[in-house]
Protein chains: 2
Amino acid sequence: MTRSEENYLKAIFHLGNGEPGPITTNAIAEQMETKPSSVTDMAKKLAEKGLVHYKKYQGISLTDSGTRTALSIIRKHRLWEVFLVKKLDFTWDEVHEVAEQLEHIKSEKLIDKIDALLDFPKYDPHGDPIPTKDGKFMERDKQLLSDMPINTQGVCVGVKDSSAPFLKFLDKNKIALGNTIKILDKEDFDQSLQILMEGKELRISHQIASNLYVKKND
Amino acid sequence: MTRSEENYLKAIFHLGNGEPGPITTNAIAEQMETKPSSVTDMAKKLAEKGLVHYKKYQGISLTDSGTRTALSIIRKHRLWEVFLVKKLDFTWDEVHEVAEQLEHIKSEKLIDKIDALLDFPKYDPHGDPIPTKDGKFMERDKQLLSDMPINTQGVCVGVKDSSAPFLKFLDKNKIALGNTIKILDKEDFDQSLQILMEGKELRISHQIASNLYVKKND
DNA sequence: ACCTATTTTTAGTTTTGTCTAAATTTTAAT
DNA sequence: ATTAAAATTTAGACAAAACTAAAAATAGGT
């Protein structure tokens with residue numbers, strides 16, 4: 001399994017997560033920052049290896065085997081992210097780039113030991129669930145902060161956008177996973193929110209609220 | 001800097017360490033388990049980049065820049081080895097293969113944090129010195145056990161052969177770095193040694209003794 | 001100094017993963 | 001149902017890193 005093959009499987013998995021049915025060639029090309037013709041080439045190779053279903057012009061989807069492989073890479077990526085934050089004091093906006101490299105290290109023992117060292121974490125620094133060794137995936141019951149009604153509250157458990165700029169913005173405004181957030185008011189005009197968080201009131205834009213996940217509590 | 005280029009620089013460094021002067025194409029090919037023609041190709045590319053001195057038929061040697069790069073890779077390799085042993089309970093015969101992959105991870109912050117996590121170790125699990133961030137290399141003052149005279153003693157500080165079979169043999173016979181070894185007798189016939197180690201007497205072959213380093217004390 | 005054996009390089013090919021440009025298929029709109 | 005637009009695939013090319021086979025250079029022995 002080459003690095004490039006692994007990256008394709010990961011991309012297909014991410015694109016397919018949520019939407020059912022096959023993924024388009026163009027969508028994969030965009031995700032991978034490559035050209036559609038390259039995607040077609042890779043689709044054929046992955047189909048040969050039984051990792052994807054592929055019929056010309058009909059899009060691409062992961063086989064069970066492909067899904068297992070993708071999950072194992074995502075597992076590695078997210079465990080390394082936790083390692084970097086918990087053991088090496090990386091900030092959550094720094095981990096992605098390095099984890100993109102570490103996820104391709106081939107050693108089952110290594111990742112199992114990292115898992116144990118971290119005490120078998122269930123979520124990565126962005127709140128995304130870490131697949132288990134056997135590919136089980138527990139997506140958390142969560143909703144976007146922007147979808148919460150006024151006067152309800154919830155615990156911040158994840159980000160939708162995990163780009164460095166967004167994460168840095170959150171740090172600067174002391175918004176962190178685990179914080180309890182209460183919606184005080186919603187502005188009709190621009191849908192910005194007045195919130196109470198850790199004892200302080202602040203106003204956040206819809207853009208921000210629609211990229212923050214909050215635990216759905218009963 | 002590609003992975004392959006890094007591996008060539010590392011190989012050239014290891015071959016050049018000890019012997020002065022340029023390294024032969026064949027020697028590199030053997031070390032890298034590749035063909036001489038491939039080495040020639042790479043020599044040209046590395047020369048282009050100012051990492052090696054190369055003149056046709058005249059052998060290859062590292063430039064200062066090439067040496068710095070090689071040392072940084074060796075530094076990463078050895079730090080990862082220490083990490084695997086100290087933090088993840090790998091045995092010293094298991095670490096090389098994984099470190100061969102980890103040494104190519106590109107993140108200065110990562111390796112500096114690993115260094116700090118390990119409390120800035122000076123030697124790797126096989127007793128080899130770890131280059132500092134600025135490429136300083138402190139080779140330990142050591143000698144082969146086979147070169148020690150009778151009735152002298154020393155502390156075991158390294159292995160010359162760090163292959164898995166040899167390391168496993170040492171484990172099985174409870175020979176570990178840090179042990180104090182006293183030469184009781186040397187057999188003229190096969191140059192095998194009678195030694196006293198950790199309170200127990202045992203006999204080891206010349207083959208073994210010539211692959212164990214002992215600290216040169218006074 | 002010459003000849004041979006060894007070493008090294010060159011030339012041409014392969015594989016992997018990418019690209020561009022052209023051709024083809026599908027989709028969607030009228 | 002046609003047709004234009006969009007998406008996808010094919011064909012051909014390229015770069016990296018390896019290979020094989022053949023050519024060239026060096027080194028050693030007499």
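Letters A, B, ... are given to chains in the order of the sequence lines, protein chains preceding strands, and every chain is numbered from 1. As the structure is a prediction and not an experimental result, all values here were calculated from the model.
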May I have the distance from [X] (atom [atom1]) to [N] (atom [atom2]), rounded to whole angstrom?
X     : N      : atom1 : atom2 : value
B:R3  : C:dT16 : CZ    : C1'   : 15 Å
A:K35 : D:dA11 : NZ    : C1'   : 18 Å
B:L46 : D:dA16 : CG    : C1'   : 13 Å
A:Q58 : D:dT9  : CD    : P     : 9 Å
B:E30 : C:dT7  : CD    : P     : 10 Å
B:Y57 : D:dA27 : OH    : P     : 11 Å
A:K55 : C:dT25 : NZ    : C1'   : 16 Å
B:D41 : D:dT20 : CG    : C1'   : 12 Å

*Between B:F83 and A:F83, is the gap from one ring center to the other below 6.0 Å?*
yes

Quick one: is [X] getting a side-chain N or O under 4.0 Å of the [N] phosphate, OP1 or OP2?
X     : N      : result
A:T34 : C:dC19 : yes
A:S38 : C:dC19 : yes
A:K44 : D:dT10 : yes
A:Y54 : D:dT9  : yes
A:N26 : D:dA6  : no
B:Y8  : D:dA18 : yes

*May I ask you to decide if A:L51's main-chain N or O and A:T63's side chain share a donor-acceptor pair within less than 3.5 Å?*
yes

_Donor-acceptor contact present, side-chain B:K106 to main-chain B:H104, <3.5 Å_ = yes

*Run through A:R75, A:K10, A:R78 and flag the one making a side chain to side chain donor-acceptor pair (under 3.5 Å) with A:E103.*
A:K10

*Residue whose closest nucleotide on DNA chain C lies nearer the 5' end, A:K56 versus A:M42*: A:M42

_If you assign each of B:T40 and A:S4 to its closest nucleotide in DNA chain C, which residue comes earlier from the 5' end?_
B:T40

*Quick one: the side chain of A:S37 and the base of C:dT18, do they pair up donor-acceptor inside 3.5 Å?*
no

_Atom pair CD1/CG of B:I208 and B:L170 - distance to nearest 0.5 Å_ = 6.5 Å

